[in-house]
Amino acid sequence: MRKISDWFGIFVHIQIKITMSIVKTLGQYIIEKQADFPYAKGELSRLLRDIGIASKIVNREVNKAGLADILGEAGEINVQGESVKKLDVFANEQFIAALSVGGECCAIASEENEDIIIIDNEVSKNAKYVVAMDPLDGSSNIDVNVSVGTIFSIYRRTSLSGPGTKEDFFQRGTEQVAAGYVIYGSSCMLVYTTGKGVNGFTLDPSIGEFCLSHPNLQTPKLGAIYSVNQGNFVHFPEGVKQYIRYCQEEDKSTNRPYSLRYIGSGVADIHRNLINGGIYIYPPTLKSPRGKLRLLYECNPLAFIVEQAGGKATDGAKRIMELDTKELHQRTPLFLGSSDMVDLSGEYMKKYSEVKA
Ligand code: FDP
């Protein structure tokens with residue numbers, strides 16, 4: 001007859017086996033996928049791992065954002081005697097620190113910094129990758145407890161050696177080696193692509209690991225959501241106005257009227273539409289003829305992900321990833337999401353291109 005301790009041992013053994021067979025961590029997945037790149041030496045894998053680590057730290061701080069009153073407002077000294085930083089500044093510092101010690105990245109372009117950050121230490125100065133990032137996208141939403149995100153884009157440098165240069169970033173989106181975003185939402189999720197499909201990992205706080213939760217993400221060809229800041233309607237080009245009217249019309253065969261969903265936090269809006277299907281539009285306006293969003297570290301990485309999931313991304317006419325990058329903080333209009341919806345919005349833009357807003 002078995003003793004209780006024996007049964008307990010068997011139970012634990014089964015539990016471990018079940019856990020091991022179900023959970024695949026980001027680290028395990030990256031190592032497994034390294035074999036897809038025959039000449040890779042593991043640098044890209046380490047870079048993605050470093051981004052994963054920084055995002056866990058940022059997630060921890062985002063979760064404490066509502067405690068600002070207790071811990072201190074940005075710019076003040078908190079009860080522990082530390083100076084309190086704004087979360088976007090904090091996120092920027094965390095990602096720069098993680099990418100600087102890893103030795104895989106020679107330069108960073110960040111939404112938070114006017115110029116590039118050259119990583120000139122011994123381990124990094126000849127590294128072969130550069131990283132463009134928006135460390136905390138949607139940051140105007142932090143104080144009201146709405147999901148925010150980090151967006152990143154990885155390129156192979158074009159300069160041959162030595163410190164990274166600004167020109168290393170002036171590549172088309174089609175040259176991206178990898179791109180992804182982290183959403184700090186009801187759970188924290190990291191979604192990335194290396195050009196072989198899109199995979200999503202959800203942070204399991206009990207083990208502190210991102211676990212594969214959304215393998216091979218595919219976005220529907222047609223959704224029933226449109227996302228745009230409709231408050232700016234009067235400033236939109238006629239093509240966008242007409243497309244919005246189309247979205248609002250009644251037609252059972254195409255499931256219209258569509259629902260308007262606009263959080264105003266880009267990663268959150270785009271993540272929802274990626275999963276459920278839909279279109280996200282940040283159009284040119286009278287005030288900002290080039291739109292608001294940035295090509296290098298917002299539109300290109302999001303376009304890469306959405307295309308890899310079967311969707312599309314344009315500036316209303318041209319494919320986002322084929323636009324020339326001439327400035328670090330260059331802006332572009334963005335029409336991104338389910339392929340049928342992006343195609344149709346492009347047709348409206350073309351049809352009404354002559355009409356003055
Ligand atoms: P934010 O300014 O809060 O950082 O890229 C910036 C961004 O947010 C996107 O995340 C968001 O989709 C968009 O701007 C919202 O802009 P509007 O407030 O003009 O709609």
Side-chain angles (χ1 to χ4, degrees), residues 55 58 61-62 65 74 85-92 95 109-114 132-153 173 179-185 188-189 191 225-237 240-241 243-244 247 260-276 278-306 311 313-316 320 323 325 327-337 342 345 357:
S55 55
V58 172
E61 292 305 302
V62 168
K85 299 209 168 88
K86 279 184 73 190
L87 264 178
D88 38 10
V89 177
F90 177 84
N92 196 37
F95 279 96
S110 167
E111 210 242 340
E112 293 289 325
N113 299 78
E114 193 57 38
M133 63 172 183
D134 182 353
L136 212 62
D137 177 69
S139 46
S140 51
N141 293 296
I142 296 167
D143 295 342
V144 288
N145 223 338
V146 167
S147 302
V148 286
T150 296
I151 310 174
F152 61 90
S153 169
Y181 61 76
V182 183
I183 176 164
Y184 310 101
C188 177
M189 238 186 115
V191 175
I225 292 175
Y226 72 105
S227 309
V228 63
N229 187 343
Q230 212 162 294
N232 292 330
F233 190 87
V234 285
H235 303 301
F236 288 164
V240 175
K241 287 181 181 165
Y243 180 71
I244 290 175
C247 293
L260 167 62
R261 294 282 181 273
Y262 189 73
I263 301 169
S265 187
V267 172
D269 276 312
I270 286 161
H271 178 70
R272 180 204 51 239
N273 290 4
L274 180 75
I275 294 190
N276 293 340
I279 184 167
Y280 174 95
I281 304 177
Y282 207 108
T285 59
L286 286 179
K287 241 180 24 203
S288 323
R290 293 304 306 151
K292 176 184 181 189
L293 305 185
R294 315 294 180 145
L295 176 62
L296 183 62
Y297 43 78
E298 292 181 312
C299 300
N300 268 335
L302 294 169
F304 192 18
I305 292 165
V306 168
T314 72
D315 66 352
I320 286 289
L323 299 177
T325 310
E327 289 165 38
L328 289 180
H329 301 284
Q330 184 175 327
R331 296 176 196 269
T332 175
L334 179 66
F335 296 68
L336 170 143
V342 175
S345 64

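Numbering of ligands and ligand atoms starts at 1, following listing order.
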### Task
Using side chain to side chain contact (heavy atoms under 4.5 Å, CB included) as the criterion, list what pairs up with Cys247, not counting sequence neighbours.
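With sequence neighbours excluded, Cys247 shows a side chain to side chain contact (heavy atoms under 4.5 Å, CB included) to Tyr226, Tyr243, Tyr258, given in chain and number order.
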### Task
Indicate yes or no: at least one non-hydrogen side-chain atom of Phe95 is less than 4.5 angstrom from one of Val58.
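Yes. Closest side-chain heavy atoms under 4.5 Å.
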### Message
Quick check against the 3.5 Å criterion: does Arg331 have a side-chain atom that pairs as donor or acceptor with the backbone of Lys292?
### Response
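Yes.
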For residues 296-303, tabulate all N or O donor-acceptor pairs below 3.5 Å that involve a side-chain atom, not counting sequence neighbours.
unit_1 : atom_1 : unit_2 : atom_2 : d
Tyr297 : OH     : His329 : ND1    : 2.7
Glu298 : OE1    : Arg294 : N      : 2.7

### Query
Are side-chain N/O atoms of Tyr184 and Ser55 paired as donor and acceptor at under 3.5 Å?
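Absent: no donor and acceptor within the cut-off.
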Hey, can you pull the donor-acceptor pairs under 3.5 Å for the side chains in residues 261-274, sequence neighbours left out?
unit_1 : atom_1 : unit_2 : atom_2 : d
Ser265 : OG     : Ser147 : O      : 2.6
Asp269 : OD1    : Ile263 : N      : 2.8
Asp269 : OD1    : Arg272 : NH1    : 3.2
Asp269 : OD1    : Arg272 : NH2    : 3.0
Asp269 : OD2    : Ile263 : N      : 3.0
Asp269 : OD2    : Gly264 : N      : 2.9
His271 : ND1    : Tyr181 : OH     : 2.7
Arg272 : NH2    : Ser227 : OG     : 2.9
Arg272 : NH2    : Arg261 : O      : 3.2
Arg272 : NH2    : Asp269 : O      : 3.4
Asn273 : ND2    : Ser227 : OG     : 3.1
Asn273 : ND2    : Ile279 : O      : 3.4

Distance dump, ligand 1 polar atoms to protein, N/O, under 3.5 Å:
unit_1   : atom_1 : unit_2 : atom_2 : d
ligand 1 : 2 (O)  : Lys292 : NZ     : 2.9
ligand 1 : 3 (O)  : Ser140 : N      : 3.3
ligand 1 : 3 (O)  : Ser140 : OG     : 2.5
ligand 1 : 4 (O)  : Gly138 : N      : 3.0
ligand 1 : 5 (O)  : Asp137 : OD1    : 3.2
ligand 1 : 5 (O)  : Glu298 : OE2    : 2.6
ligand 1 : 10 (O) : Asp137 : OD1    : 3.1
ligand 1 : 10 (O) : Asp137 : OD2    : 2.9
ligand 1 : 10 (O) : Gly266 : N      : 2.7
ligand 1 : 12 (O) : Gly266 : N      : 3.2
ligand 1 : 12 (O) : Tyr280 : OH     : 2.7
ligand 1 : 14 (O) : Lys292 : NZ     : 2.8
ligand 1 : 16 (O) : Lys292 : NZ     : 2.9
ligand 1 : 19 (O) : Tyr282 : OH     : 2.6
ligand 1 : 20 (O) : Asn229 : ND2    : 2.8
ligand 1 : 20 (O) : Tyr262 : OH     : 2.5

